[in-house]
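Before any comments, here is the structure.
On a predicted model such as this, the values are computed, not experimentally measured, just so you know.
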Amino acid sequence: MKWVVNQFTFALIIIATIVFSAFPSSCSDEHYSSAAPNNSDPTTFNVLDYGAKGDGHADDTKAFEDAWEAACKIDSSTMVVPSGKVFLIKSISFAGPNCRQNIVFQLDGKIIAPTDPKSWGSGSLKWIEFTKLNKITIKGKGVIDGQGSVWWNNDDDSSVEESTTSPFSVLPSSGKLPSTKPTALRFYGSDGVTVTGITIQNSQQMHLKFDSCTNVQVFDIKISSPGDSPNTDGIHLQESQNVVLHSSTLACGDDCVSIQTGCSNIFIHDLNCGPSHGISIGGLGKDNTKAFVSNVTVQNINIQNSLTAVRIKSWQGGSGSCKNVMFSNIQVSDAETPIIIDQYYCDNSKCKNSTSAVAVSAINYFNIKGTYTKEPVRFACSDSVPCSGLTLDTISLEPSKGVKDSAPFCWKASGKLNTKTVPPITCLQQSSNTFKLGIYMLTSKGFNFLRELL
């Protein structure tokens, strides 16, 4: 009998050992570690595994930096910002050039910027930056929210009031935000950049900027800020080549798309734009600089409630060229002046007259229709470097309801009218010069000539 009892007791001990061994010890290192990833996929790095709280109040900057440092070392890795969380992030740079290729930044949650002046110090040109990377993708259904209202209002108010753009706003301390406003999302010196699916809203200044980048694709994104928010360009391109922007909705307080010097082979199509200042090339040649822009195609665009629809602007005193541009299939609703070339651009009252100018040539307008609230067409070109090679075809611009008819304005602008226009653009100096323009399409082998348009 004693042998049977002992045998039964031994069996109970064995069963208890097996059951309790299935549960981790409350004192284990894994239980306390915030920097060790818990996922089984060695190529996926979730910011929650690196200590991020995602409560909209705690500073999660360090957790994002640590997750990026780990993801950066792995080919085709994915850094995950999960849904259902709000992450407060200060100014941050996800930097190469020693990172591996094909990194994916999977944004499904919401990232918000601090509104406290102390978080910005003396100022920063960027909030979230990706720099010197090769084949980087930002995708997901998440949101980047710059909580910019405190910045927009700060120009006229020495005190900072609490932002009302998000219930997760940081309570700002007394003081004034720096005069340097950051871009919400910036890419610098990178090749093979893709941005898709995300929403960028209420940027402090520009929403999305590409500086010195090549082979860029942006599609299926949404950009949103109020029409009166200052300098909140939607997408800003500078010194970048081989760029395709398409199938997106942009609403902001400045240009939907701004194309600056050093840009070439730009293809923009199927955008819904407005409120905004339209799609602009320039201002080029500021502070007597040289500027070069070429091979730009903008087509299949809906623009509403905007300052302009399609515009080229340059400062007096600059030099260089803007050439080979096609604006086609543009539908305009209530733009102040739908078509503009302005070689006398000035954003203040202290601009000096100069004979030097950025040369504007081979600019083509095809099938631009809709309504205006001030004047339909304005070509204000330089006395010394006139605009040349302007071609207009199938232009029909009517005054909006309650607006009086206005005649087009031309100064030192020459080209040709392929069809009758509404209203008649009789002020254009007729030229026999013809220019060839093509569309360039991004393919797996790069930006290749697609077809000749004219």
Side-chain angles (χ1 to χ4, degrees), residues 24 29-114 126-147 166 168 184-188 190-201 203 207-208 216-223 248:
D29 290 338
E30 183 178 15
H31 179 77
Y32 283 102
S33 173
S34 62
N38 296 322
N39 65 78
S40 57
D41 185 351
T43 66
T44 300
F45 304 87
N46 191 316
V47 295
L48 294 179
D49 295 330
Y50 291 83
K53 301 299 182 184
D55 61 6
H57 299 288
D59 181 1
D60 288 325
T61 309
K62 182 63 165 57
F64 274 62
E65 290 173 340
D66 290 345
W68 175 260
E69 183 179 358
C72 172
K73 301 173 182 178
I74 307 295
D75 275 315
S76 303
S77 63
T78 300
M79 177 174 166
V80 176
V81 182
S83 61
K85 298 288 186 178
V86 180
F87 301 91
L88 176 67
I89 301 297
K90 294 180 180 179
S91 180
I92 189 170
S93 181
F94 300 106
N98 297 319
C99 288
R100 308 306 292 252
Q101 296 185 10
N102 299 305
I103 297 177
V104 174
F105 189 94
Q106 182 71 38
L107 175 59
D108 293 316
K110 185 175 185 179
I111 299 175
I112 62 173
K126 50 80 180 173
W127 171 31
I128 301 171
E129 179 183 57
F130 292 83
T131 178
K132 297 182 180 179
L133 296 165
N134 191 6
K135 296 181 175 59
I136 175 71
T137 297
I138 314 299
K139 68 175 186 176
K141 301 299 182 183
V143 176
I144 293 174
D145 189 342
Q147 303 202 106
S166 166
F168 300 103
L185 178 59
R186 177 184 186 239
F187 292 85
Y188 173 75
S190 296
D191 177 70
V193 180
T194 299
V195 180
T196 182
I198 67 172
T199 295
I200 309 172
Q201 64 190 31
S203 177
H207 286 79
L208 176 59
V216 174
Q217 294 192 72
V218 178
F219 59 96
D220 292 334
I221 72 165
K222 180 180 179 181
I223 287 177
S248 297

Margin query: For residues 82-106, which residue pairs pass the salt bridge (Lys or Arg N to Asp or Glu O under 4.0 Å) check, not counting sequence neighbours?
Written below: Asp59-Lys90, Asp75-Arg100
Of the non-hydrogen atoms in [X] and [Y], which two are nearest, and what is the gap between them?
{"X": "Lys139", "Y": "Ile198", "result": "C-CG2, 4.0 Å"}
{"X": "Ala58", "Y": "Leu88", "result": "O-CB, 3.5 Å"}
{"X": "Pro114", "Y": "Trp127", "result": "CD-NE1, 4.4 Å"}
{"X": "Gln106", "Y": "Thr78", "result": "CB-CG2, 3.8 Å"}
{"X": "Leu133", "Y": "Ala95", "result": "CD2-C, 4.2 Å"}
{"X": "Ile221", "Y": "Gly197", "result": "CG2-N, 3.8 Å"}

Output the distance between atom [atom1] ([X]) and atom [atom2] ([Y]), rounded to the nearest 0.5 Å.
{"X": "Ile112", "Y": "Asp60", "atom1": "CD1", "atom2": "CG", "answer": "9.5 Å"}
{"X": "Ile92", "Y": "Lys62", "atom1": "CD1", "atom2": "NZ", "answer": "10.5 Å"}
{"X": "Arg186", "Y": "Thr131", "atom1": "CZ", "atom2": "OG1", "answer": "7.0 Å"}
{"X": "Ile144", "Y": "Ile138", "atom1": "CD1", "atom2": "CD1", "answer": "7.5 Å"}
{"X": "Phe94", "Y": "Met79", "atom1": "CZ", "atom2": "CE", "answer": "4.5 Å"}
{"X": "Thr43", "Y": "Asn102", "atom1": "OG1", "atom2": "CG", "answer": "12.0 Å"}

Next item on the list: Go through Leu48 and Phe87 one step at a time and tell me if the side chain to side chain contact (heavy atoms under 4.5 Å, CB included) criterion holds.
Entry: CA-CA 10 Å; Leu48 294 179; Phe87 301 91; 4.0 Å; yes
Item checked: Sequence neighbours excluded, every pair satisfying disulfide bond (SG atoms under 2.5 Å apart) that has a member inside residues 73-110 -> Cys72-Cys99
Check: Do the rings of Phe187 and Phe130 sit parallel, tilted or perpendicular, given the 30° and 60° boundaries?
Finding: parallel
Notebook entry, point to check: Heavy-atom distance under 4.5 Å between the side chains of Ser77 and Ile103, does that happen here?
Noted result: yes
Is the backbone N or O of [Y] less than 3.5 Å from a side-chain atom of [X], with the two atoms forming a donor-acceptor pair by type?
{"X": "Ser91", "Y": "Lys126", "answer": "yes"}
{"X": "Ser248", "Y": "Asp220", "answer": "yes"}
{"X": "Gln147", "Y": "Ala113", "answer": "yes"}
{"X": "Ser190", "Y": "Lys132", "answer": "yes"}

Note to self: Check this for me: Glu69, atom CD, are more than 12 non-hydrogen atoms of other residues, nucleotides or ligands nearer than 6.0 Å?
What the structure shows: no
